[in-house]
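Comments concern the structure below.
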Amino acid sequence: AQETGEKNLGIWAMYFGTNQVADKWSIHTEVQVRDYQIFSNFNQLLLRTGANYHISDNAVATLGSGYIVTDPTYDEPSGEKNSTENRIFQQFILRNKVGKFKFSHRYRFEQRFLKFGDGRTDTQHRARYFLRVTYPLSEKWFLTAYDEIFINLQEPLFGQNRLYGALGYQVNKGVALQAGYLKNHFTGANFDRLQLAIFWNTDLRKKETENN
């Protein structure tokens with residue numbers, strides 16, 4: 001049987017950015033590097049960007065695209081070629097608060113244009129629902145957890161489920177760090193992953209200056 005790497009602890013190193021360019025608009029930037037083992041045995045590179053429209057402080061709509069390179073196997077057979085994917089996505093985020101608990105709901109639809117290592121191509125469609133809850137421990141430290149389910153709009157219906165928990169640190173108003181643990185479940189396969197993430201939010205709007 002082909003080795004899947006399920007017995008190994010892998011890692012996802014991630015960067016997420018929200019760059020405010022106008023009162024209602026921001027640009028999403030994202031880079032993820034995923035390895036089958038800790039900082040070795042490449043699995044996936046994900047680059048994603050999008051335009052965010054801020055309907056309110058608690059509601060954001062996004063139109064974006066992604067480019068993904070994937071090594072689909074844990075083993076490294078001679079001559080194996082990675083698969084590539086160009087992706088378009090639409091998403092809507094709603095946020096609310098109950099006591100000290102902060103909730104975030106993300107609804108995302110994806111159109112995926114895949115090219116496999118053997119030259120085959122395919123177009124697939126997918127829906128995702130993401131629920132995150134965050135609880136502050138102090139002004140700087142917080143706990144966060146999420147679950148995300150992936151539903152294919154073609155067979156098979158179930159895509160995957162991700163369950164995650166982490167400790168976070170708010171460095172300043174624009175920068176936060178998280179270190180956590182992910183259980184990534186597919187039909188017939190389960191993977192354990194460490195996650196290291198930096199969230200960097202910038203304000204690129206022109207500042208008004210007073211004339212003296």
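One-based numbering along the sequence shown. Owing to the predicted nature of the structure, the values given are computational and were not obtained by experimental measurement.
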Q.
Evaluate Ile55 against Phe92 for side-chain contact (heavy atoms from CB on, under 4.5 Å), listing each step before the verdict.
A. CA-CA 10 Å; Ile55 301 167; Phe92 183 59; 3.7 Å; yes
- Task: Using distance alone, with no hydrogens and no angle criterion, decide if His54 and Asp23 have a side-chain donor and acceptor under 3.5 Å apart.
- Result: no
Taken in chain and number order and not counting sequence neighbours, the residues that satisfy salt bridge (charged side-chain N to carboxylate O under 4.0 Å, His left out) with Arg193 are none
In short, Phe186 meets Gly159 closest at the heavy-atom pair CD2-O, 3.6 Å
Value for CD1 (Ile11) from CG (Asp192), rounded to nearest 0.5 Å, stands at 13.0 Å
Check: Leu204 main-chain N/O paired with Thr202 side-chain donor or acceptor under 3.5 Å: no
Problem - Pairing of Arg162 and Asp147 as salt bridge, 4.0 angstrom limit - result: no
Check: Run the side-chain hydrogen bond (donor to acceptor under 3.5 Å, both in side chains) check on Gln90 and Thr62 step by step: do they pass?
Finding: CA-CA 6 Å; Gln90 307 82 39; Thr62 303; over 6 Å; no
For Asp57, is the CG atom crowded, meaning more than 12 foreign heavy atoms sit under 6.0 Å from it? no
- Item | Check against side-chain contact (heavy atoms from CB on, under 4.5 Å), Leu45 and Gln32 | CA-CA 6 Å; Leu45 169 68; Gln32 297 192 38; over 6 Å; no
Quiz prompt | Linked, directly or transitively: Phe191 and Leu163 (ILVMFWY side chains, under 4.5 Å) | solution = no
Under 4.5 Å between side-chain heavy atoms, hopping through other hydrophobics if needed: is there a path connecting Trp12 to Leu47?
no
#### Entry: Flag side-chain contact, heavy atom, 4.5 Å: Tyr181 against Lys183
yes
When rounded to the nearest 0.5 Å, the distance separating CG of Asp71 from CG of Asn82 is 5.0 Å
Rounded to the nearest 0.5 Å, the CD atom of Glu110 sits from the CZ atom of Arg126 at a distance of 4.5 Å
*Do the non-hydrogen side-chain atoms of Val31 and Leu46 ever get within less than 4.5 Å of each other?*
no
So salt bridge (Lys or Arg N to Asp or Glu O under 4.0 Å) across residues 90-102, not counting sequence neighbours, yields none
For the aromatic rings, using the six-membered ring if either is Trp, is the centroid distance between Tyr53 and Trp25 under 6.0 Å?
yes
Rounded to the nearest 0.5 Å, the CG atom of Asn184 sits from the CD atom of Glu148 at a distance of 9.5 Å
task = Check whether Tyr169 and Phe199 end up in the same hydrophobic cluster, where Ile, Leu, Val, Met, Phe, Trp and Tyr are linked by side-chain heavy atoms less than 4.5 Å apart.
result = no
| request: Is it possible for you to say whether Tyr135 and Leu131 belong to one hydrophobic cluster, with membership spreading through side-chain heavy-atom contacts below 4.5 Å? | output: yes
Check: Just by modelled atom types, is the His125 backbone N or O under 3.5 Å from a matching donor or acceptor in the Gln111 side chain?
Finding: no
Here the pair of heavy atoms bringing Thr73 nearest to Asp75 is OG1-O, 2.9 Å
Verify, without hydrogens or angle tests, whether Thr70 (side chain) and Pro72 (backbone) share a donor-acceptor contact under 3.5 angstrom.
-> no
Whether Asp35 side chain and Ile38 backbone form a donor-acceptor pair below 3.5 Å
no
Does Tyr15 OH have over 12 foreign heavy atoms under 6.0 Å away?
-> yes
* Asked: Between Asn8 and Gly10, is there a donor-acceptor pair closer than 3.5 Å when you use the side chain of the first and the backbone of the second?
  -> no
Quick check on the hydrophobic clustering: are Phe16 and Ile27 connected, directly or via other members, by side-chain heavy-atom contacts under 4.5 Å? no
Please check this pair: side chain of Asn19 against backbone of His28, looking for a donor-acceptor N/O pair closer than 3.5 Å. no
- prompt: Between Phe113 and Ile88, does a side-chain contact (heavy atoms from CB on, under 4.5 Å) hold up when you go through it step by step?
  reply: CA-CA 9 Å; Phe113 307 96; Ile88 300 170; 4.0 Å; yes
Rounding to 0.5 Å, atoms CD (Glu85) and CG (Leu114) come to a distance of 4.5 Å
Next item on the list: Evaluate the side-chain proximity of Trp200 to Val175: yes if any heavy-atom separation is below 4.5 Å, no if none is.
Entry: yes
Shortest non-hydrogen pair, Phe39 vs Leu196, comes out as CZ-CD1, 4.3 Å
### Task
Give the intermediate values and the outcome of side-chain contact (heavy atoms from CB on, under 4.5 Å) for residues Leu182 and Tyr146.
CA-CA 9 Å; Leu182 173 76; Tyr146 74 70; 3.9 Å; yes
TODO: Look at the side chain of Asn86 and the backbone N and O of Arg112, then say whether any donor-acceptor pair between them is shorter than 3.5 Å.
DONE: no
> With a distance cut-off below 6.0 Å to the six-membered ring centre and an angular limit of 45° from the axis, does Arg106 pair with Phe130 as a cation-pi contact?
Replying inline: yes
Next on the checklist: Does Gln154, at its CD atom, have more than 12 non-hydrogen atoms belonging to other residues, nucleotides or ligands within less than 6.0 Å?
Outcome noted: yes
Please tell me whether His185 and Phe150 form a close aromatic pair, meaning their ring centres lie under 6.0 Å apart. no
query = Quick one: does Thr134's side chain get under 4.5 Å of Phe101's, heavy atoms only?
reply = no
request  = For side-chain hydrogen bond (donor to acceptor under 3.5 Å, both in side chains), just list the numbers for Thr144 and Arg132, CA-CA rounded to whole Å, side-chain angles, deciding distance to a tenth of an Å, and then say yes or no.
outcome  = CA-CA 7 Å; Thr144 188; Arg132 179 192 292 275; 2.9 Å; yes
Donor + acceptor pair across side chains of Gln178, Tyr164 (<3.5 Å):
yes
Open item on the list: Are Tyr107 and Tyr129, when compared by the centres of their aromatic rings, separated by less than 6.0 Å?
Closed with: yes
Taken to the nearest 0.5 Å, the spacing of Ser104 OG from Ile93 CD1 works out to 5.5 Å
Worksheet entry | Salt bridge present between Asp118 and Lys81 (N-O < 4.0 angstrom) | no
